[in-house]
Amino acid sequence: MSENVLFNQGQIISSKYDFSKAYLSAELFKKKDSNGPEPSANQPEKITLSDGNEIPLIGFGTYTLTGGAGVNTMMQALSTGYRALDSAVNYENEGAVGEVIRRTSLSRENLFITSKLPGRHQRFDEAIATIQESLYRMHLDYFDLYLIHWPNPIEDHYVEAWQALIKAQKMGLIRSIGVSNFLPEHLERLEKETGVLPVVNQVELHPYWSQAKQRQFDKDHGIFTQAWSPLGRANTVLQDKTIQKIAEAHNKSIAQIILRWELQLGVGVIPKSSSSKRQFENLDLFNFELSEEEVSSILALDKPDGRTNNQDPATYQEF
């Protein structure tokens, strides 16, 4: 794979990002400031996707953030340093995201906006119209990233939906196209029937569901894995004794340890929080490093039934 470049506020900090490696290079995580990053300059590093476009390693999740309260929370996140907002048609907040984009003083080029196609609109013509409607709601000319939200294999329209995303990209409506919750079998079929693989696969991933096989498949195929629910939706993982011990050793929160662990696995994260303190902490991940032993001890927490809501993409349907 050709060499990729990592950026921090426009400055090259590492010359390589290799999807074939198990962990991100430690060069990416060099200590910046003993007191943590400054809020006004706390922008996460980016990686270069296989299509040549850049994506922040840390994004901000917007699920349940709607109306004026949602706008305020997202504006606060941008002020804290987030530059990527992750939305979806089914979050019913694309209008709120659009209002944030309208209000912020940040230029469009400094924002990374993601949305997702719902299962009810996976037929080709409906998918194109849905993408356009999403752009109208957000008052945007293009999405930085657009995903198929779930494969919905029983309905079996996800290949048709993928063809629509390929078309929308050619139309200039989307810069990077990807999927969410796709298993290897779904990804293989996309490549077989269209010749085009997603550049991003956004999946449930946290210490109790670490997705080793999926991560390996994505990496082998040049697909960047993003973690939704990177903190397990505040389930018992946030009280886990193993992670708590590691957090105490680094003088960090359990959430920071989990997010740092995911970054060192080569996974992007999109945490959500309404707390300004937690928003800041969730970005403050680059002035410490977990040892290989610590990474392995968290991997050992994986459970065969670790999914938060038992949403198996092989059978789960979301419309």
[X] and [Y]: side-chain donor and acceptor closer than 3.5 Å?
X      : Y      : value
Trp228 : Asn181 : yes
Arg260 : Gln264 : yes
Asp302 : Ser210 : yes
Asp218 : Gln214 : yes
Ser107 : Asn110 : yes
Glu188 : His186 : no
Glu294 : His250 : yes
Ser134 : Lys116 : no
Glu126 : His121 : yes
Tyr316 : Glu318 : yes

What I want to find out is whether [X] reaches [Y] closely enough, with some N-O distance under 4.0 Å, to be called a salt bridge.
X      : Y      : value
Glu99  : Arg103 : yes
Asp284 : Arg278 : no
Arg189 : Glu185 : no
Asp220 : Arg215 : no

* Asked: Do Glu262 side-chain atoms and Val269 backbone N/O form a donor-acceptor pair below 3.5 Å?
  -> no

* To do: Without swapping roles, check the side chain of Thr62 against the backbone of Asp86 for a donor-acceptor pair under 3.5 Å.
  => yes

* Can you list the steps and then say if Glu94 with Ser115 is a side chain to side chain donor-acceptor pair (under 3.5 Å)? -> CA-CA 8 Å; Glu94 289 179 320; Ser115 197; 2.6 Å; yes

* Structure fact -> In short, Ala247 meets Ile254 closest at the heavy-atom pair CB-N, 4.0 Å

* Structure fact -> Closest non-hydrogen atoms of Gln169 and Ser176, given as atom of the first, atom of the second and distance, are NE2-CA, 4.0 Å

* Taking the six-membered ring of Tyr208, is the NZ or CZ of Arg307 close enough (under 6.0 Å from the centre) and on axis enough (within 45°)? -> no

* **Geometric cation-pi criterion, Arg175 with Tyr146: 6.0 Å, 45°** => no

* **Non-hydrogen side-chain atoms of Thr308 and His206 separated by less than 4.5 Å** => yes

* Asked: So do the side chains of Arg137 and Val97 get within less than 4.5 Å of each other, counting heavy atoms only?
  -> no

* To do: Measure the CE-CG distance between Met171 and Leu165 for me, rounded to the nearest 0.5 Å.
  => 11.5 Å

